[in-house]
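Starting from 1, each residue takes its place in the sequence as its number. Remember, it's 1-based here, ligands and their atoms both numbered in the order they're listed.
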Amino acid sequence: MLVLITGNAGFIGTNFVKKYLKNTDTVVGYDKLTYAGNTENMSEYKNNKNFVFIKGSINNKKYLKEIFSEYDFDAVINFAAETHVDRSYDNLQEFINTNIMGTKILLDTAKESWKNKYEQKKFIHISTDEVYGSLDGEELFTENSALFPSNPYAMSKYYAEYYCKMYYEKYGLPVVVTRSSNNYGPFQNKEKLVPKVIYNCLNKIKIPLYGDGKNLRDWLYVEDNCKAIELVLKKGRPGEIYNISSNNERENIYVIKKIIDIINEVKHVNINDNIIEYVPDRFSHDRRYGICSDKIKNELKWKPETDFETGIENTVKWYLKNTDKNDKEGK
Ligand SMILES: NC(=O)c1ccc[n+]([C@@H]2O[C@H](COP(=O)([O-])OP(=O)(O)OC[C@H]3O[C@@H](n4cnc5c(N)ncnc54)[C@H](O)[C@@H]3O)[C@@H](O)[C@H]2O)c1
């Protein structure tokens, strides 16, 4: 198989390509290398003979067309996106350009380049559980639940999904969408909670914690997500959406304290909770995300393998060993 992977130099893209190249399949990585794309991440796989990297934006229609005519891709996996909620308020235009328009341009390129060959192709779009909005009751969101995105990032992912649905329903493009919960693991940019907490602990910088710290996130070990995406690539049905989560709901305050405990234990230091600084809550901060993954479990036989306590320990140890990678701002 020849697969185009956009956003390969980011967090999930890196983890996915690293794992996926263990197959004999060939990957073309395509990334604009924004602040979130880290060429250092690619050092893990850039010399693999089955890997080619092309620097470019999913908004560049002309360049994408040339690449699609040079490579007869069997599949596309679209990880490329602006992903940080905090940034989405100040840089809304960037989120609209990449997440909505970029996705539309990529869909359009696949639609035109794959004409008359759709049955052999697959377009996987990586979306997020944030499109559902905050969960109020106890019943978890299923793929059929109504969507109420409540921040600009989530809104941009919602509209990108709209195009995915339209290109499947109107043109028959074989699009599959995944909506995963919060990922954690190696290679994440330090603006995100887990690497940020580790970085701040190591550099004795206060850890800002929004509100009362009791916001719940369902933490998914990135390797489990990558396995799910690989299954979707092989067996996911066009036109379908698959939730991916591992039912490891933890409050933010718990996650931070857990990381501090692991650092204290591994590095024989004594960082105490005073390093945590409560700051006013983020505007429109969703209290809880909670999704039901029965569909992918039943249909594609996926199951998460890493519980939060094991995954977070592996993750913290990885960052402690790779502080140089965690120090980088990107690129
Ligand atoms: N991280 C999570 O917890 C999570 C959860 C659910 C869904 N997702 C989705 O998974 C995907 C990957 O997330 P991530 O955490 O790896 O993000 P990330 O921010 O770490 O990486 C995004 C990558 O996309 C690249 N990129 C940005 N704009 C581009 C453009 N116009 N053209 C080509 N490349 C571009 C960046 O350079 C970067 O390498 C995103 O679509 C995100 O919405 C992430």
Q. To which of S180, A81, A154 does the heavy atom nearest atom 27 (C) of ligand 1 belong?
A. A81

Q.
Please list, in number order, the atoms of ligand 1 under 4.0 Å from a heavy atom of G56.
A. 32 (N), 33 (C)

Q.
I'd like to check which ligand 1 atoms, numbered from 1 as shown, lie under 4.0 Å from a non-hydrogen atom of K157.
A. 40 (C), 41 (O), 42 (C), 43 (O)

**Q.** Region of D31 engaging ligand 1 - heavy atom pairs below 4.0 Å
**A.** both

Q. For A80 and ligand 1, does the shortest N/O to N/O distance drop below 3.5 Å?
A. no

Q. Are a donor atom and an acceptor atom from the side chains of E299 and Y242 found within less than 3.5 Å of each other?
A. yes

Q | Within-shell test, G102 vs ligand 1, heavy atom, strictly < 4.0 Å | A | no

Q: Give the residue and atom name of whichever protein heavy atom lies nearest to atom 20 (O) of ligand 1, and the separation in Å to one decimal.
A: F11 N, 3.0 Å

Q. Which residue supplies the protein heavy atom nearest to atom 21 (O) of ligand 1, what is that atom called, and how far is it?
A. G10 CA, 3.4 Å

Q: Examine the proximity of ligand 1 to N59 and report which part, side chain or backbone, both or neither, has a heavy atom under 4.0 Å away.
A: side chain

Q: Output the list of atoms in ligand 1 that are nearer than 4.0 Å to some heavy atom of S181, sorted by atom number.
A: 5 (C), 6 (C)

(Q) Which label fits F51 and Y45: parallel for a plane angle under 30°, tilted from 30 to 60°, or perpendicular past 60°? (A) perpendicular

Q: For E66, look at atom CD and say whether over 12 heavy atoms of other residues, nucleotides or ligands are found less than 6.0 Å away.
A: yes

Q. Quick one: which ligand 1 atoms are inside 4.0 Å of a heavy atom on L33?
A. 37 (O)

Q. Would you call the rings of Y254 and F308 parallel, tilted or perpendicular if under 30° counts as parallel and over 60° as perpendicular?
A. tilted

Q: Among all protein heavy atoms, pick out the one at the shortest distance from atom 18 (P) of ligand 1; state its residue, atom name and that distance to 0.1 Å.
A: T83 OG1, 3.7 Å

**Q.** Qualifying residue, where the test is side-chain contact (heavy atoms from CB on, under 4.5 Å) with R179 and the options are T128, I244, V131
**A.** V131

Q: Could you say whether the N/O atoms of N182 and ligand 1 ever approach to under 3.5 Å?
A: no

Q: Report yes or no: does a heavy atom of I126 sit under 4.0 Å from some atom of ligand 1?
A: yes

Q) So, N252 and N215: side-chain donor and acceptor under 3.5 Å apart, yes or no? A) no

(Q) I'd like to know if the side chain of T6 pairs up with that of N78 as donor and acceptor (distance under 3.5 Å, no hydrogens or angles considered). (A) yes

Q. Applying the ring pair (Phe, Tyr, Trp, His ring centres under 6.0 Å) test to W318, which of Y184, F187, Y221 qualifies?
A. F187

Q.
Less than 6.0 angstrom from the centroid, inside 45 degrees of the normal: does R87 satisfy that with respect to the ring of Y35?
A. yes

Q.
Could you identify the single nearest non-hydrogen protein atom to atom 33 (C) of ligand 1 and state the distance to 0.1 Å?
A. K32 N, 3.3 Å

Q.
Restricting to non-hydrogen atoms, name the atom on V176 and the atom on R237 that form the minimum distance, rounded to 0.1 Å.
A. CG2-O, 3.8 Å

Q: Applying side-chain hydrogen bond (donor to acceptor under 3.5 Å, both in side chains), run through E161 and S127 and close with a yes or a no.
A: CA-CA 7 Å; E161 280 200 30; S127 191; 2.6 Å; yes

Q: May I ask you to say whether E309 pairs ionically with K258, meaning some side-chain N is under 4.0 Å from a carboxylate O?
A: no

Q) Out of F79, Y153, Y35, whose heavy atom sits nearest atom 8 (N) of ligand 1? A) Y153

Q) Given N151 and E130, is the side-chain hydrogen bond (donor to acceptor under 3.5 Å, both in side chains) satisfied, shown in steps? A) CA-CA 9 Å; N151 62 61; E130 294 204 28; 3.1 Å; yes

Q: List the closest protein heavy-atom neighbour of atom 31 (N) of ligand 1: residue, atom name, distance to the nearest 0.1 Å.
A: S57 OG, 3.2 Å

Q) So is there a nitrogen or oxygen of T34 less than 3.5 Å from a nitrogen or oxygen in ligand 1? A) yes

Q. Under 3.5 Å between some N or O of ligand 1 and some N or O of T128?
A. no

Q: Around atom 3 (O) of ligand 1, find the nearest protein heavy atom and jot down its residue, atom name and distance.
A: N183 N, 2.8 Å

Q | Protein heavy atom at shortest distance from atom 7 (C) of ligand 1 | A | S127 O, 3.0 Å

Q) Is there a donor-acceptor contact under 3.5 Å linking the side chains of N243 and Y132? A) yes

Q) Is the closest heavy atom of N189 to ligand 1 under 4.0 Å? A) no

Q. Could an N or O of ligand 1 be found under 3.5 Å from any N or O of K192, whether backbone or side chain?
A. no

Q | Option passing side-chain contact (heavy atoms from CB on, under 4.5 Å) with E251 (candidates K214, K257, R288, R217) | A | K214

Q | Protein contact to atom 4 (C) of ligand 1 [nearest heavy atom, distance to 0.1 Å] | A | I12 CD1, 3.8 Å

Q | Y30 N/O under 3.5 Å from ligand 1 N/O | A | no

